[in-house]
Protein chains: 2
Amino acid sequence: MRSGHSLAFQQFEDVLSEVQITPAENNDADIENLITSSSLNVETSAVQAPFRMTWSAESDWEPDDPDAVSSGSCLIVPVPVNDERGHLLRSVGYAEAAPAESEYLFLGDGTFVLTTQYEQSIAEERIWFVSEHVRCRSSVLRTSAGSGVLQTSFASEVRRLSS
Amino acid sequence: MRSGHSLAFQQFEDVLSEVQITPAENNDADIENLITSSSLNVETSAVQAPFRMTWSAESDWEPDDPDAVSSGSCLIVPVPVNDERGHLLRSVGYAEAAPAESEYLFLGDGTFVLTTQYEQSIAEERIWFVSEHVRCRSSVLRTSAGSGVLQTSFASEVRRLSS
């Protein structure tokens, strides 16, 4: 369950989506490509726990076509610097569709904080587990020029273990 | 702007609300009463920056009466233990209406985390500023017996300075 808040227009968007997470192999050619084309100067061996994420979402913003489902897929490649922080490469960005490079860190209570500088915007995402199988995810999108906050979003995610 | 996620029923609630925050005087009789009737064994002098919060909210869950506005008011009394953590007394609780005693702490990045044990449930709230005048607030409500997560909510709050 994901809610978007568009602050300037006070508009809500409510989205139901399914997210599928699948481990990727460290020797996957797409990982090599993502690293090579990134600004990071690292070997593939620096990668830890890469995975693919696919999603399909149904938004209440498409009342003309209630069955409209948007979907996508993305390769996510963490490159830790140490136990507390690192880089994260994505084949598809969150705020903009181009490949994205993010910095991540863990807060003292385990909250994962991801910051991504896009061409037009800066996104900050936070992920924290509230029980073993429920996690929350928030995002804040601001203009890269100033500190204007464009929109926020919040997702409550329930884990379904694959059989 | 506040969104509620009811996890078991996959229901969204979208709420527009105005929150007003007014400093209270340390010698306010209501503060004395709240402290005396609490489990804390402290003097009123231990209180820091008490305030009153009043709100009026319009929810999309009342389609029969779109002008229905719920409102309320609450006295909030922080009693710091040190710079990082402390107690917080409320004349009206968040998850249940009775007066509530919470524990708070600040994470390394300044995120405020508030935990309240109610009779039937445990609430965890988080507040963090994403710019000088925009803050986010999340809450998670779980059963006090187990770790079942009942509902979550997320608010994007824009500060309007009083003139």
Side-chain angles (χ1 to χ4, degrees), chain A residues 1-18 58-61 84-85 105-113 115 122-143 146-159, chain B residues 1-18 58-61 84-85 105-113 115 122-143 146-159:
Chain A
M1 299 182 72
R2 183 169 180 273
S3 292
H5 294 175
S6 173
L7 299 188
F9 304 103
Q10 294 207 334
Q11 278 189 314
F12 293 92
E13 180 183 18
D14 291 330
V15 181
L16 276 177
S17 66
E18 300 246 343
E58 233 175 297
S59 164
D60 68 341
W61 271 15
E84 279 159 29
R85 60 184 198 84
L105 61 87
F106 288 98
L107 298 182
D109 73 333
T111 300
F112 179 78
V113 182
T115 308
I122 299 169
E124 189 198 270
E125 295 168 80
R126 296 176 161 228
I127 299 178
W128 66 104
F129 279 85
V130 300
S131 73
E132 198 189 338
H133 295 301
V134 180
R135 70 177 193 185
C136 293
R137 194 146 57 111
S138 70
S139 77
V140 172
L141 201 63
R142 67 182 89 219
T143 54
S147 66
V149 177
L150 303 169
Q151 59 178 63
T152 64
S153 84
F154 177 71
S156 307
E157 304 182 321
V158 180
R159 169 156 48 191
Chain B
M1 299 181 70
R2 181 168 180 276
S3 292
H5 294 175
S6 173
L7 300 188
F9 304 103
Q10 294 208 337
Q11 277 190 316
F12 293 92
E13 180 182 18
D14 291 330
V15 180
L16 276 175
S17 67
E18 300 246 343
E58 233 174 297
S59 163
D60 68 341
W61 271 15
E84 279 159 29
R85 61 183 198 85
L105 61 87
F106 289 99
L107 299 182
D109 73 333
T111 301
F112 179 78
V113 181
T115 308
I122 298 169
E124 189 199 271
E125 296 169 80
R126 298 178 159 225
I127 299 178
W128 66 104
F129 279 85
V130 300
S131 72
E132 198 189 339
H133 297 300
V134 180
R135 71 178 192 184
C136 293
R137 194 146 57 110
S138 70
S139 77
V140 173
L141 201 64
R142 68 183 86 217
T143 55
S147 66
V149 177
L150 303 169
Q151 60 178 62
T152 64
S153 84
F154 178 70
S156 307
E157 304 183 318
V158 180
R159 169 155 50 190

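Labels below follow one simple rule: chain letters A, B, ... track the order of the sequence lines, proteins then strands, and each chain is numbered from 1.
- Chosen from A:Leu105, A:Leu16, A:Val113, A:Val158, the residue pairing most often with chain B at heavy-atom distances under 4.5 Å is A:Leu16.
- A donor atom on one side chain and an acceptor atom on the other are not found under 3.5 Å apart for A:Ser138 and B:Arg126.
- Heavy atoms closer than 4.5 Å to chain B are found in the side chain of A:Leu107, but not in its backbone.
- A:His5 and B:Ala155 get closest at one heavy-atom pair: CE1-CA, 4.3 Å.
- The 12-atom threshold is exceeded at CD of B:Gln11, counting heavy atoms of other residues, nucleotides or ligands nearer than 6.0 Å.
- Taken from OG in B:Ser6 to CE in A:Met1, the straight-line distance is 6.5 Å, to the nearest 0.5 Å.
- Contact annotation for B:Val130: both backbone and side-chain heavy atoms come within less than 4.5 Å of a heavy atom of chain A.
- Across all their heavy atoms, A:Phe12 and B:Val15 have their closest contact at CZ-O, 3.2 Å.
- A distance of 8.0 Å separates OG1 of A:Thr111 from CG of B:Asp109, quoted to the nearest 0.5 Å.
- Only the side chain of A:Glu124 comes within less than 4.5 Å of a heavy atom in chain B; its backbone stays farther off.
- Of the listed residues (A:Ser3, A:Ser131, A:Gly108), the one with the most heavy-atom contacts under 4.5 Å to chain B is A:Ser3.
- No more than 12 heavy atoms of other residues, nucleotides or ligands shown are found within 6.0 angstrom of CZ on A:Arg85.
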Derivation of the side chain to side chain contact (heavy atoms under 4.5 Å, CB included) call for B:Phe154 and A:Thr152
CA-CA 10 Å; B:Phe154 178 70; A:Thr152 64; 3.5 Å; yes

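- Relative ring orientation between B:Trp128 and A:Trp128 is described as perpendicular, the plane-to-plane angle rising above 60° on a 0-90° scale split at 30° and 60°.
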